[in-house]
Amino acid sequence: MGRRRENRWQPPEHPEVERPRAYSLSEDARGPDVCHAVTPMPVWAWIQFPTFHVRVKAFAKSWTRDAVLVEWAQFGQQANAWVWRSAVKHRTLRARSGNSPENAPR
């Protein structure tokens, strides 16, 4: 009879790849008098990374006269950065679909 081989399959070993981090404005660049949102506002934001730019669906959490603190999902994790106000545009959230329980006929 044959012997059972222990640990026949093992996951491949890959080095942990460092994810790129978004650039964020310094405190001097964003300016004083930070206003904080009671409810974060949905926005489109251009985020700058070391080698590329990307437009993301984000939420504005705080702002100054010149900059906005935006938060978005990146690689399945929460990320945030201060960006110039001109890199942010308002967006509207879609209404829920008609199949949800709240919209059911009564």
Quiz prompt | R21 CZ: over 12 foreign heavy atoms closer than 6.0 Å | solution = no
Self-check item: Nearest heavy atoms of Q74 and A79, plus distance in Å
Solution: OE1-CB, 3.5 Å
Quiz item: What are the two closest heavy atoms between V68 and A60, and how far apart are they?
Solution: CG1-CB, 3.7 Å
Self-check item: Between CE on residue M41 and CG on residue L93, distance to nearest 0.5 Å
Solution: 11.5 Å
Quiz item: Nearest heavy-atom pair of W63 and A37: which atoms, and what distance?
Solution: CZ3-CB, 3.6 Å
Quiz item: Are S62 and W82 close enough that some pair of their side-chain heavy atoms sits under 4.5 Å apart?
Solution: yes
Quiz item: Looking at SG of C35 and CG of L69, how far apart are the two atoms once the value is rounded to the nearest 0.5 Å?
Solution: 12.5 Å
Quiz item: Do V54 and W72 touch side chain to side chain, with heavy atoms closer than 4.5 Å?
Solution: no
Practice problem: Please check if atom CZ in R85 has more than 12 non-hydrogen atoms from other residues, nucleotides or ligands closer than 6.0 Å. | Solution: yes
Quiz item: Are the side chains of Y23 and P50 in touch, meaning some heavy atoms are under 4.5 Å apart?
Solution: yes
Self-check item: Close side-chain approach of K57 and W44, heavy atoms under 4.5 Å
Solution: yes
Quiz item: Who are the salt bridge (charged side-chain N to carboxylate O under 4.0 Å, His left out) partners of K61, not counting sequence neighbours?
Solution: E71
Quiz prompt | Contact summary for R30 and L25, nearest pair of heavy atoms | solution = NH1-O, 3.2 Å
Quiz item: Can you check whether V70 reaches V88 side chain to side chain, under 4.5 Å on heavy atoms?
Solution: yes
Quiz item: What are the two closest heavy atoms between A29 and W84, and how far apart are they?
Solution: O-CZ3, 3.7 Å
Exercise. Answer yes or no: is there a donor N or O on one side and an acceptor on the other, between the side chain of R91 and the main chain of A45, under 3.5 Å?
Key: no
